[in-house]
Amino acid sequence: MACGNFYFLLLIVFVVAQSGHGQLSPNFYSSSCPNALSIVKQGVAKAIKNEARVGASLLRLHFHDCFVNGCDGSILLDDTSTFTGEKTAIPNNNSVRGFEVVDQIKANLEKACPGIVSCADILALIARDAVVYYGGPTWKVGLGRRDSLTANRSAANAFIPQPSFNLSNLTSSFAAVGLSFKDMVVLSGAHTVGFARCTSFRPHIYNDTNIDASFAKLLQNKCPRSGSDNVLQPLDYQTRFQFDDKYYQNLLVKKGLLHSDQQLYNGNKADSYVKIYAMKQGEFFKEFARSMIKMGNIKPLTGSRATTTFSALGTSAFTGSTDDVNWFA
């Protein structure tokens, strides 16, 4: 079993939500797969120990999934004869990564409880577990999402935020999926971990004025105006593998890596939130957990709607990438 293999058998299972009325519940698998959460946690820990930055990629998968028709696992689906998947959408193509980690965790879950845990729920759990592994906050993940039977490439192109966005673009993008301005600022704090390619931050370091001159020069030495597109730099230059409030502290001194990052501290109404989170890590952690729960509740498929499990007939189509970021990484 795997999430989103190119060759698969679709097994449509109609499941009545165990939590009642189609609502998500942290206890959804307590009877049907009691070891599900520990299996996922162990899989995430093993993956990050093997490659430190992959946890940020797992967190980003959940973001990009939820921003396109809700948290339904559709980002994991490969192209078929009837639809084009979201992996080749502009924000995802040669960018999103970590699919092999999801597939391995799904395989481990299938051994313990076949056909029970959805891929959409796996994405929600690995995001939380990656944050915790990096030293960030924890929260109770609502479970019981069903997996989508199809994907929407055009929606991925339209709704996933871009590193070139200004504050208005960011606000509109988050509002389109029911997230507030405050949610936007606090969820941007996910950029306290992860990396971005030269192609993502080049416009900011050469064209923008709201960037520390010495910081820009340092980055220009690593990312020339042309070439070296795949050179990686940490989104948080201070603590690249630690989930903390340094991301916001960087913004206060104009050392945000992306154009979209520095937009959050640029003489606008987001400034006050950035100042609070830069000074009060506990407040950032509390609000980040709250907003992650809210994001995880974007239009989930629940109750008696169809879910899919995938019986792999071949290997995963995922081939890897050098890019960790278009928006959240």
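Since we're looking at a predicted model, the values are computed, not measured.
Side-chain contact check for Glu86 and Asn152: no donor-acceptor pair (N or O, by modelled atom type) lies under 3.5 Å. Under the 3.5 Å distance criterion, with hydrogens and angles disregarded, no donor-acceptor pair is assigned to the side chains of Asn169 and Ser172. Tyr29 and Asp121 share a side-chain donor-acceptor pair at under 3.5 Å. Using modelled atom types, one finds no donor on one side chain facing an acceptor on the other under 3.5 Å when comparing Thr150 with Ser148. Using modelled atom types and a 3.5 Å distance limit, the side chains of Asn230 and Ser228 yield no donor-acceptor pair. There is no side-chain donor-acceptor pair under 3.5 Å between Thr302 and Arg146.
Between the side chain of Asp183 and the backbone N or O of Ser180 there is at least one donor-acceptor pair closer than 3.5 Å. The backbone N or O of Ala196 lies less than 3.5 Å from no partner atom in the side chain of Ser200, so there is not a single donor-acceptor pair. Judged by distance alone, the side chain of Gln242 and the main-chain N or O of Arg240 form no donor-acceptor pair under 3.5 Å. Side-chain atoms of His204 come within 3.5 Å of backbone atoms of Gly256 as a donor-acceptor pair (strictly under, hydrogens ignored). Judged by distance alone, the side chain of Asp229 and the main-chain N or O of Thr199 form no donor-acceptor pair under 3.5 Å. Within the 3.5 Å criterion, the main-chain N or O of Gly43 finds no donor-acceptor partner in the side chain of Asn108. A distance-only check finds no donor-acceptor pair linking the side chain of Gln263 to the backbone of Phe165 [under 3.5 Å]. With hydrogens and angles ignored, the 3.5 Å screen pairs no side-chain donor or acceptor of Ser25 with any backbone N or O of Leu143. No donor-acceptor pair closer than 3.5 Å links the side chain of Arg128 to the backbone N or O of Pro137. Judged purely by atom type and a 3.5 angstrom limit, Asp208 has no side-chain atom pairing as donor or acceptor with the backbone of Asn210.
Placement of Trp139 and Leu61 within a single hydrophobic cluster is found when ILVMFWY residues are connected by side-chain heavy-atom separations under 4.5 Å, directly or transitively. Placement of Tyr265 and Met279 in two distinct hydrophobic clusters is found when ILVMFWY residues are connected by side-chain heavy-atom separations under 4.5 Å, directly or transitively. Leu258 and Val231 are members of different hydrophobic clusters when ILVMFWY side chains are connected at heavy-atom separations under 4.5 Å. Side-chain heavy atoms closer than 4.5 Å link hydrophobic residues (I, L, V, M, F, W, Y) into clusters, and following such links, even through other members, never connects Val132 to Val101. At a threshold of 4.5 Å between side-chain heavy atoms, the hydrophobic network of Ile, Leu, Val, Met, Phe, Trp and Tyr places Ile298 and Leu170 in one connected group.
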Verdict with reasoning, Ile105 to Gln42, per side-chain contact (heavy atoms from CB on, under 4.5 Å): CA-CA 9 Å; Ile105 291 173; Gln42 290 167 11; over 6 Å; no

Test side-chain contact (heavy atoms from CB on, under 4.5 Å) applied to Tyr277 and Glu283, step by step: CA-CA 6 Å; Tyr277 301 144; Glu283 183 70 13; 4.0 Å; yes

Evaluation steps, side-chain contact (heavy atoms from CB on, under 4.5 Å), between Val117 and Ile122: CA-CA 7 Å; Val117 182; Ile122 292 173; 4.0 Å; yes

Chi angles and distances behind the side-chain contact (heavy atoms from CB on, under 4.5 Å) call for Lys255, Ile211: CA-CA 6 Å; Lys255 293 185 178 181; Ile211 183 172; over 6 Å; no

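At a threshold of 4.5 Å between non-hydrogen side-chain atoms, the residues Glu51 and Arg97 count as touching. Proximity of Val177 to Cys66: side-chain heavy atoms (C-beta onward) are nowhere separated by under 4.5 Å. Side-chain contact between Met295 and His62: present, with at least one pair of heavy atoms (C-beta onward) separated by less than 4.5 Å. Considering only heavy atoms from C-beta on, Leu257 stays 4.5 Å or farther from Pro234 through its side chain. Contact check for Val54 versus Asn50: no side-chain heavy atoms found under the 4.5 Å cut-off. Residues Lys182 and Arg290 meet the side-chain proximity criterion, which asks for heavy atoms closer than 4.5 Å. With a 4.5 Å cut-off on side-chain heavy atoms, Val274 and Leu252 count as touching.
In this structure, Asp129 CG and Ser38 OG are separated by 10.0 Å, a value rounded to the nearest 0.5 Å. Atom CG in Asn266 sits 7.5 Å away from atom OG1 in Thr209 (nearest 0.5 Å). Here the straight-line distance linking atom CG of Leu24 with atom CD1 of Ile293 works out to 11.0 Å at 0.5 Å rounding. Expressed to the nearest 0.5 Å, how far CD of Gln233 lies from SG of Cys198 amounts to 9.0 Å. With rounding to the nearest 0.5 Å, the separation of NZ in Lys294 from CG in Leu187 is 9.0 Å. Here the SG atom belonging to Cys119 is positioned 6.0 Å from the CG atom belonging to Leu76, to the nearest 0.5 angstrom.
The minimum heavy-atom distance linking Ala270 with Val185 is given by the pair CB-CG2, 4.0 Å. Minimum heavy-atom separation, Leu123 to Gly73: CD1-CA, 4.1 Å. Nearest heavy-atom pair across Phe67 and Ser173 is CE2-O, 3.8 Å. Residues Met184 and Leu167 come closest through the heavy atom pair CE-CD1, 3.8 Å. Annotation for Ala278 and Asp245: closest pair O-OD2, 3.2 Å, computed over non-hydrogen atoms. When all heavy atoms are compared, the tightest approach of Ile48 to Ala130 is CD1-CA, 4.1 Å.
By the 30° and 60° cut-offs, the orientation of the rings of Phe241 relative to Phe195 is tilted. The aromatic rings of Phe243 and Phe285 are tilted relative to each other, their planes meeting at an angle between 30° and 60°. Ring geometry, Phe181 versus Tyr273: the interplanar angle falls from 30° to 60°, so the pair is classed tilted. In this pair, Phe284 and Tyr248 present their aromatic rings perpendicular. The plane angle is above 60°, beyond the 30 to 60° band.
Contacts of Asp244 classified as salt bridge (Lys or Arg N to Asp or Glu O under 4.0 Å), with partners at least two apart in sequence or in another chain: none.
Partner of Tyr247 under the side chain to side chain donor-acceptor pair (under 3.5 Å) criterion, chosen from Thr192, Thr239, Asp236, Asp261: Asp261. The side-chain contact (heavy atoms from CB on, under 4.5 Å) test with Val131 singles out one residue from Val193, Val44, Leu59, Thr138, and that residue is Leu59.
Taking the centre and axis of the six-membered ring of Phe99, the NZ or CZ atom of Lys87 falls inside the cone set by 45° and 6.0 Å. With a 6.0 Å cutoff to the six-membered ring centre and a 45° limit on the axis angle, Lys254 does not count as a cation-pi contact of Phe215.
Between Lys299 and Asp72 there is no salt bridge, since no side-chain N of the basic residue sits under 4.0 Å from a carboxylate O of the acidic one.
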